[in-house]
Asker: 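Quick one: this structure, given as structure tokens, is what I'll be asking you about.
As the structure lists them, so they are numbered: ligands from 1, and atoms in each ligand from 1.
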Amino acid sequence: MPFNLDHFDPCAVPSPCYVVSEAAIRQNLEIIDGVQRRTGCRILLALKGFAMFSLFPLIRQYLFGVSASGVYEARLGREMFGKSVHACAPAYPEAEFHELLAYSDHISFNSFSQWDRFRDRALGRGVACGIRVNPERSEVKTAIYDPCGPCSRLGVTAANFRPDRLDGVTGLHFHTLCELNADSLARTLPVFEERFGAHLDRMEWVNFGGGHHISRPDYDVDLLCDLINDFRRRRPLDVYLEPGEAIALNAGALVATVQDIFRNDMDIAILDTSAAAHMPDTLEMPYRPEIAGAGKPGEHPHVYRLGGMTCLAGDVIGDYSFPEPLTVGRRLVFLDMAHYTMVKNNTFNGIRLPAIAVWEEGGGVRVARRFGYPDYLGRLS
Ligand SMILES: *Cc1c(COP(=O)(O)O)cnc(C)c1O
């Protein structure tokens, strides 16, 4: 079941607070593990999207390892997750590379110049090395999320690929999707193979990246399995996938509390959270999060513009309607707030970070972490 509100009491946690359901995470993992079992592929958790380490003991039961966007995520993966750690980033700073090597067993390089710079050190440590390629097949409609757009800085295009410099490279990596279904992979794979297939004969592994919305109810898991099985029949390689969002999709909420209500042309409610600080993707993507028990304006009689605590004029989550008038102190539950929230939040305006709680499978809610002034201070000097 997704985050099941029938049995959740938003007053049982501090406010604001991210609450993530173990049962919902497990349900996502069961679906994702089905793909591993049906195809023999290996699935990694992309820590960039969800890095709630108090749930790693659960996630580790299902997934092969983690994917890291840099040295800190690689370290978190090595120390808190264990298993396999794959790194992939646009560049690896020289000063951090020795540390990255200590934490990673696979490293994908975003250019042949990065590969040349670090090749000997990586091979000397026995790390499996890959090149991130760019198949130039755009599936993502929003430009800011499309790694295949013009002048992309993500991955080597076919025109810039260097077959003469592959000595020591054992894998190819591509990441071109975002919140997409298997039909997008079905269109991307043939283009990838057409452009880079000639080099796959000398490879041992290939990474299909993230952006596979595997745990979404309408996701075509059968098609994904067919694509991977078909690929592996033709090419005897280890196939990796590294979704982030799919692991935590619909598995968590952000609980907030109404602090003030007033009027300016319409009813406005200020919450003890912030679109800008605690759910930045609502402004960046942008999108409108669902609230339990609320609807779009017009669905219910009482309409409010919900805003956050920062000075930003645009720190507005959206306009929502409720069956009853809101009151100060009322708790609101924003849905699907586990992924790309706690990994992205910030202390703009010095507002407090939401606590992090685990809604355990046994039914209890455990507050895993509370934040305070030291967390704000620790980011400044
Ligand atoms: C963002 C990203 C992922 C994870 O993407 P999701 O949309 O969270 O599944 C995986 N790999 C790479 C290289 C990424 O940049």
Asker: Please tell me if the side chains of Y62 and R60 come closer than 4.5 Å, counting only heavy atoms from C-beta onward.
Answerer: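 Counting from C-beta outward, Y62 and R60 never come under 4.5 Å.
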Asker: Any idea which atoms of ligand 1 are less than 4.0 Å away from a heavy-atom of Y340?
Answerer: 1 (C), 4 (C), 5 (O), 6 (P), 7 (O), 8 (O)
Asker: Got a salt bridge between R78 and D105, using NZ or NE/NH1/NH2 to carboxylate O under 4.0 Å?
Answerer: yes
Asker: Using side-chain contact (heavy atoms from CB on, under 4.5 Å) as the criterion, point out the one residue from L271, T341, T282 that pairs with F334.
Answerer: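 Running side-chain contact (heavy atoms from CB on, under 4.5 Å) over L271, T341, T282 with F334 returns exactly one hit, L271.
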Asker: Could you tell me if any non-hydrogen atom of G210 lies under 4.0 Å from any atom of ligand 1?
Answerer: yes
Asker: Looking at ligand 1, does G211 have a heavy atom less than 4.0 Å from it?
Answerer: yes
Asker: Using the ring centroid of each side chain, check whether F371 and Y376 are separated by less than 6.0 Å.
Answerer: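 That pair fails the under 6.0 Å test.
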Asker: For ligand 1, which atoms sit closer than 4.0 Å to a heavy atom of G244?
Answerer: 4 (C), 6 (P), 8 (O), 9 (O)
Asker: Out of all atoms in ligand 1, which are within 4.0 Å of some heavy atom of E245? Include the element for each.
Answerer: 6 (P), 8 (O), 9 (O)
Asker: Quick one: do the H212 and E245 side chains pair a donor with an acceptor below 3.5 Å?
Answerer: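 No pair is found: no donor N or O on one side chain lies under 3.5 Å from an acceptor on the other.
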Asker: Please report which non-hydrogen protein atom sits nearest to atom 13 (C) of ligand 1, along with the residue it belongs to and the distance in Å to one decimal place.
Answerer: E242 OE2, 3.5 Å
Asker: Is any N or O atom of H173, backbone or side chain, closer than 3.5 Å to an N or O atom of ligand 1?
Answerer: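 No, since none of the N or O atoms of H173 sits under 3.5 Å from an N or O of ligand 1.
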Asker: Working to the nearest 0.5 angstrom, can you tell me the gap between R331 CZ and L326 CG?
Answerer: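 Nearest 0.5 Å value for the CZ-CG distance: 14.0 Å.
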Asker: Note the single closest protein heavy atom to atom 2 (C) of ligand 1, along with its residue, its atom name and the distance in Å.
Answerer: K48 NZ, 2.3 Å
